[in-house]
Amino acid sequence: MKARLLIAALAAAVSTHGAWAQEPTPQRAARHSATSGFRIEALAGYDTDGYEDGTLYGGRVGYDFRLGNHFLLGLDGEYSDVTTRQHFAFPGSPSLTADDGPEIYAGGRATFVLSSHFRLYGGAGYSHIKEGYFFLSSPNPAPLGTVAAGRRSYDGFRLSAGGQVMLGRRAFLGAEYRRAGYEDYGLSREQVVGSVGFRF
């Protein structure tokens, strides 16, 4: 489902690009080339740890370096949080929840400028996240004891791929799929994220 959502978003962007690509050739060529500079993005989307689902929200800042007319190499910094929660229920005891998030990310990005309106990119980098868990805070009463909720930090690696549709010269809309893996207990997260941003 998550992959289909991203494919649908990118297909819509390509379709829009196809219509825009009919503009006169000299005008298109003048606006085709990549440019260096800062960008900011607001993020929102879907998050899952493979067991529970939630909503992601956050922001990202970055800087892109121009390497030729159609290629950018950039740096990303991101802070996001999720509504995803872990749930625990045991007969005779009140149910508990433990919140996941927030996540801090830092990494690199390679962007291919396909036209004056459409770009594809891939990214990779370090992810630091907190995930909820449950533990016995007291051995009594038997047999389960007193259960408490907490959060623990994990370090991992995240890969992403997405596309952007330019809205004029500076504003843009984006869609992105990303997956992160963490070193302890085989933890992983998948996210499908939409973005709205501005280039300086």
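Reckoned from all heavy atoms, side chains included, excluding hydrogens, waters and symmetry mates. Numbers here are sequence positions counted from 1. A quick note: this is a predicted structure, and the numbers were derived from the prediction, not measured.
- Gly132 and Ala98 get closest at one heavy-atom pair: CA-CB, 3.6 Å.
- Atoms CZ and NE2, on Arg119 and His70 in that order, are 11.5 Å from each other to the nearest 0.5 Å.
- Heavy-atom contacts from other residues, nucleotides or ligands closer than 6.0 Å to OH of Tyr51 number 12 or fewer.
- Not counting sequence neighbours, the partners of Asp99 by the side-chain hydrogen bond (donor to acceptor under 3.5 Å, both in side chains) test are Arg85.
- Residue pairs meeting the salt bridge (Lys or Arg N to Asp or Glu O under 4.0 Å) criterion with at least one member in residues 191-200, sequence neighbours excluded, are Asp64-Arg199.
- With no hydrogens or angles considered, a side-chain donor-acceptor pair links Gln191 and Arg178 at under 3.5 Å.
- Side-chain heavy atoms closer than 4.5 Å link hydrophobic residues (I, L, V, M, F, W, Y) into clusters, and following such links, possibly through other members, connects Phe71 to Phe118.
- Within the model, atoms CG of Leu67 and OG of Ser36 stand 7.5 Å from one another, a figure rounded to the nearest 0.5 Å.
- Contacts of Arg179 classified as salt bridge (Lys or Arg N to Asp or Glu O under 4.0 Å), with partners at least two apart in sequence or in another chain: Glu190.
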task = Check step by step if side-chain contact (heavy atoms from CB on, under 4.5 Å) holds for Ser153 and His128.
result = CA-CA 7 Å; Ser153 296; His128 176 84; 3.5 Å; yes
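- In this structure, CD in Gln164 is found 7.0 Å from CZ in Arg39, a value given to the nearest 0.5 Å.
- By the ring pair (Phe, Tyr, Trp, His ring centres under 6.0 Å) test, Tyr63 is found to be paired with Phe38, Phe65, residues two or more places apart in sequence or in another chain being considered.
- The shortest heavy-atom contact between Leu56 and Ser80 is CD1-OG, 4.0 Å.
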Verdict with reasoning, Arg60 to Leu43, per side-chain contact (heavy atoms from CB on, under 4.5 Å) = CA-CA 7 Å; Arg60 177 163 60 201; Leu43 308 174; 3.8 Å; yes
task = Assess whether side-chain contact (heavy atoms from CB on, under 4.5 Å) is satisfied between Asp100 and Ile129, documenting all intermediate values.
result = CA-CA 8 Å; Asp100 289 350; Ile129 196 170; 5.7 Å; no
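- Between Arg66 and Leu72 the shortest side-chain heavy-atom distance falls below 4.5 Å.
- Sorted by first and then second residue, the salt bridge (Lys or Arg N to Asp or Glu O under 4.0 Å) pairs with a member in residues 121-134 read Glu131-Arg189; sequence neighbours excluded.
- Heavy atoms only, all atoms of each residue included: Ile40 and Phe172 are closest at O-CZ, 4.2 Å.
- For the pair Arg151 and Pro102, the tightest heavy-atom approach, listed with the atom from each and the gap, is NH1-CD, 3.7 Å.
- Aromatic pair Tyr121/Phe112: centroids not less than 6.0 angstrom apart.
- With sequence neighbours left out, the side chain to side chain contact (heavy atoms under 4.5 Å, CB included) criterion links Ala171 to Leu167, Phe198.
- Counting all heavy atoms, side chain and backbone alike, Tyr57 lies closest to Thr83 at CE2-CG2, 4.1 Å.
- In this structure, a donor-acceptor pair under 3.5 Å is present between the side chains of Tyr182 and Ser127.
- In terms of the side-chain hydrogen bond (donor to acceptor under 3.5 Å, both in side chains) criterion, Tyr105 has no residue partners (sequence neighbours excluded).
- Partners of Thr84 under the side-chain hydrogen bond (donor to acceptor under 3.5 Å, both in side chains) rule, at least two apart in sequence or in another chain, are Asp47.
- Atom-to-atom distance recorded for Thr97:OG1 and Glu52:CD is 10.5 Å, nearest 0.5 angstrom.
- Scored by the side chain to side chain contact (heavy atoms under 4.5 Å, CB included) test, Ala42 finds Val196 as partners (sequence neighbours excluded).
- The other members of the hydrophobic cluster of Tyr79, by chain and number, are Ile104 (side-chain heavy atoms under 4.5 Å, ILVMFWY only).
- Within the structure, salt bridge (Lys or Arg N to Asp or Glu O under 4.0 Å) pairs that include any residue of residues 107-116 comprise Glu41-Arg109, Asp76-Arg109 (at least two apart or interchain).
- With a 4.5 Å cut-off between side-chain heavy atoms of Ile, Leu, Val, Met, Phe, Trp and Tyr, the cluster of Phe157 takes in Leu159.
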